[in-house]
2 protein chains.
Amino acid sequence: MPKLFLVTRSEENYIKTIFHLGGSSSTLIATNAIAEQMETKPSSVTDMAKKLADKGIVYYKKYQGVCLTDIGVKKALSIIRKHRLWEVFLVEKLDFTWDEVHEVAEQLEHIKSEKLIDRIDALLEFPKYDPHGDPIPGKDGTFLKQDKQLLSEVPLNKVAVCVGVKDTSPTFLKFLDKNKIALGDTIEVLEKEEFDHSLLIKLANHELSISHQIASNLYVKINY
Amino acid sequence: MPKLFLVTRSEENYIKTIFHLGGSSSTLIATNAIAEQMETKPSSVTDMAKKLADKGIVYYKKYQGVCLTDIGVKKALSIIRKHRLWEVFLVEKLDFTWDEVHEVAEQLEHIKSEKLIDRIDALLEFPKYDPHGDPIPGKDGTFLKQDKQLLSEVPLNKVAVCVGVKDTSPTFLKFLDKNKIALGDTIEVLEKEEFDHSLLIKLANHELSISHQIASNLYVKINY
DNA sequence: ACTAATTTTTAGATTTGTCTAAATTTTAAT
DNA sequence: ATTAAAATTTAGACAAATCTAAAAATTAGT
Ligand SMILES: [Mn+2]
Ligand SMILES: [Mn+2]
Ligand SMILES: [Mn+2]
Ligand SMILES: [Mn+2]
């Protein structure tokens with residue numbers, strides 16, 4: 001009965017942000033957190049919280065925060081699905097680099113056409129992950145949570161495979177390119193420096209020392 | 001010097017409409033004509049005319065109408081280029097039919113990324129025409145005007161090739177599909193009915209009687 | 001438990017894009 | 001040349017989305 005048909009671009013951006021901040025379970029996300037993430041003001045968030053609550057997209061408890069309703073989660077997953085499929089498209093079909101895709105996908109994710117995104121999905125042969133290693137939600141709302149961990153938490157001498165990035169900023173991604181670290185690469189932790197928590201890691205053809213900040217933005221999966 | 005960098009979606013739609021109504025030369029387009037085309041009110045058009053004039057995109061003469069400046073024409077061609085390239089993409093890469101593409105292209109044409117549209121262009125191998133036979137403006141602003149005429153104006157027993165449609169509504173396009181008329185088809189005018197100006201035409205494998213309204217929405221090029 | 005600091009909300013203003021209704025200008029018709 | 005009709009503009013209003021500044025509520029520190 002709720003007419004979820006009219007969701008504006010701005011509303012979609014709020015929905016996505018709330019999802020990414022963890023508002024998909026019943027955890028309430030603070031107004032300030034949303035405002036900071038979106039580079040907007042808390043008062044704007046409050047306004048939108050009311051609007052989204054009226055539409056049945058979020059649950060809003062005054063002074064406490066918001067979380068997505070079931071409808072809101074569905075909507076969020078649909079937007080994220082579009083965002084990530086477009087990112088794959090840009091890389092696979094148009095030779096964009098992984099640091100270039102996010103900005104354009106931010107626009108493309110708002111295109112309204114179910115047929116379009118389904119066909120893109122098919123053209124790409126139903127990819128499971130986007131160029132940053134993030135899982136692509138299914139058309140039906142399924143959402144794989146992969147078991148991955150930060151490289152900074154991997155024990156010494158363990159061999160792991162790089163599967164994702166936490167920070168997806170162009171700066172970080174280009175740093176990885178420059179240092180020849182890519183998704184799918186095998187990484188072994190050779191040393192952990194006690195002083196600054198930097199790591200000495202071994203890649204296929206080179207060894208490299210990386211700061212803790214780098215290591216705590218790289219997701220890996222340990223080989224058993 | 002004028003910062004043409006911020007052009008809103010709404011402004012883009014006005015620019016495109018003015019272009020399509022002939023406002024690319026110095027012909028002034030009436031407020032009412034724009035309003036009707038865009039299904040909006042004349043007063044809204046006046047407001048926008050002022051805004052676009054301020055930005056140097058249109059020349060606006062009070063009570064007379066608007067036409068595009070050189071900057072405006074360039075902007076219009078860029079939007080039309082994007083619209084038509086996306087239409088080709090949808091048909092060629094995603095198996096959309098020619099009656100489905102316009103609606104989605106109306107959204108996609110507003111995506112801001114020069115790299116994106118250039119790569120789409122390359123992926124499609126630099127098409128010259130969109131699925132409706134309309135020419136695709138070049139990146140540099142070139143715009144081929146093809147010599148085509150309406151089927152309704154072709155003399156008897158002349159053989160012509162179908163090269164475009166004037167009406168691009170799904171209704172008309174589906175009518176053409178149903179009657180097996182497609183771009184590239186050869187058409188010969190066998191008879192012209194004096195009473196209602198309907199035509200008897202000969203296609204590759206069938207003859208067909210079409211009304212004047214149909215014939216005056218089909219562009220053809222006569223074989224010499 | 002009581003301040004003090006922080007967070008959140010409200011109130012009022014602004015911008016963009018639209019509308020209606022009234023006023024103005026242009027055009028067409030006698 | 002007047003008058004009537006049509007087109008266009010203005011004035012004022014509204015909804016969406018944002019902001020600033022002030023008020024209210026919550027949280028934290030003692
Ligand atoms: Mn992204
Ligand atoms: Mn991504
Ligand atoms: Mn079109
Ligand atoms: Mn077209």
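Hydrogens, waters and symmetry mates play no part in the numbers below; they use all other heavy atoms, side chains included.
- Between the P atom of C/dG17 and the CE atom of B/Met48 lies a distance of 5 Å, rounded to the nearest Å.
- Residue B/Lys51 contributes atom NZ, which lies 12 Å from atom P of C/dT15 at whole-angstrom precision.
- Looking at the side chain of A/Ser10, the nearest of the listed nucleotides C/dT16, D/dA21, D/dA17 is D/dA17.
- Atom CD of A/Glu11 is separated from atom P of D/dT18 by 10 Å (rounded to the nearest Å).
- Side-chain atoms of B/Ser44 lie closest to C/dT18 of the nucleotides C/dT9, C/dT18, D/dT18.
- Using cut-offs of 30° and 60° on the angle between ring planes, the pair B/Trp86 and B/Phe89 is perpendicular.
- Remark on DNA chain D: of its neighbouring residues A/Glu39 and B/Tyr60, the 5'-side contact belongs to B/Tyr60, judged by nearest-heavy-atom nucleotide.
- Checking C/dT26, C/dT9, D/dT9 against the side-chain heavy atoms of A/Tyr63 singles out C/dT9 as nearest.
- There is a side-chain donor-acceptor pair under 3.5 Å between A/His83 and A/His102.
- The nearest whole Å value for the distance from the NZ atom in B/Lys41 to the P atom in C/dA22 is 15 Å.
- Contact check, B/Thr40 against C/dC19: a side-chain N or O comes under 4.0 Å of OP1 or OP2.
- Considering only side-chain N and O atoms, A/Lys62 lies nowhere under 4.0 angstrom from the phosphate OP1 or OP2 of D/dA25.
- A close approach under 4.0 Å does occur between a side-chain nitrogen or oxygen of A/Lys50 and OP1 or OP2 of C/dT10.
- Counted by atom type alone, B/Trp98 and B/Asp130 present zero donor-acceptor pairs between their side chains at under 3.5 Å.
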### Query
Can A/Leu144 and A/Ile136 be said to form a side chain to side chain contact (heavy atoms under 4.5 Å, CB included), step by step?
CA-CA 8 Å; A/Leu144 324 179; A/Ile136 296 171; over 6 Å; no

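- No hydrogens or angles were tested; on distance alone, a donor-acceptor pair under 3.5 Å links the side chain of A/Ser43 to the base of D/dT20.
- Taking the charged nitrogens against the carboxylate oxygens, B/Lys115 and A/Glu100 do have a contact shorter than 4.0 Å, which makes a salt bridge.
- Across the protein-nucleic acid pair, B/Leu6 atom CG and C/dT15 atom C1' stand 13 Å apart, rounded to whole Å.
- For the 3.5 Å distance criterion, the side chains of B/Ser25 and B/Thr27 qualify, holding a donor opposite an acceptor.
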### Task
Apply the test salt bridge (charged side-chain N to carboxylate O under 4.0 Å, His left out) to residues A/Arg9 and A/Glu106: give CA-CA distance (whole Å), side-chain angles for both, the deciding distance (0.1 Å), then the verdict.
CA-CA 10 Å; A/Arg9 171 164 310 221; A/Glu106 283 293 306; over 6 Å; no

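- The side chain of A/Asn32 contributes no N or O atom lying less than 4.0 Å from OP1 or OP2 of C/dT6.
- To the nearest angstrom, P of D/dT18 lies 11 Å from CG of A/Leu52.
- Here the P atom of nucleotide D/dA25 and the NZ atom of A/Lys61 are 15 Å apart, to the nearest Å.
- A/Asp47 has its CG atom 13 Å from the C1' atom of D/dT20, to the nearest Å.
- Scanning residues 14-28 of chain B for heavy-atom distances under 4.0 Å to DNA chain D yields an empty list.
- Distances shown here put a side-chain N or O of B/Thr46 below 4.0 Å from the OP1 or OP2 atom of D/dT9.
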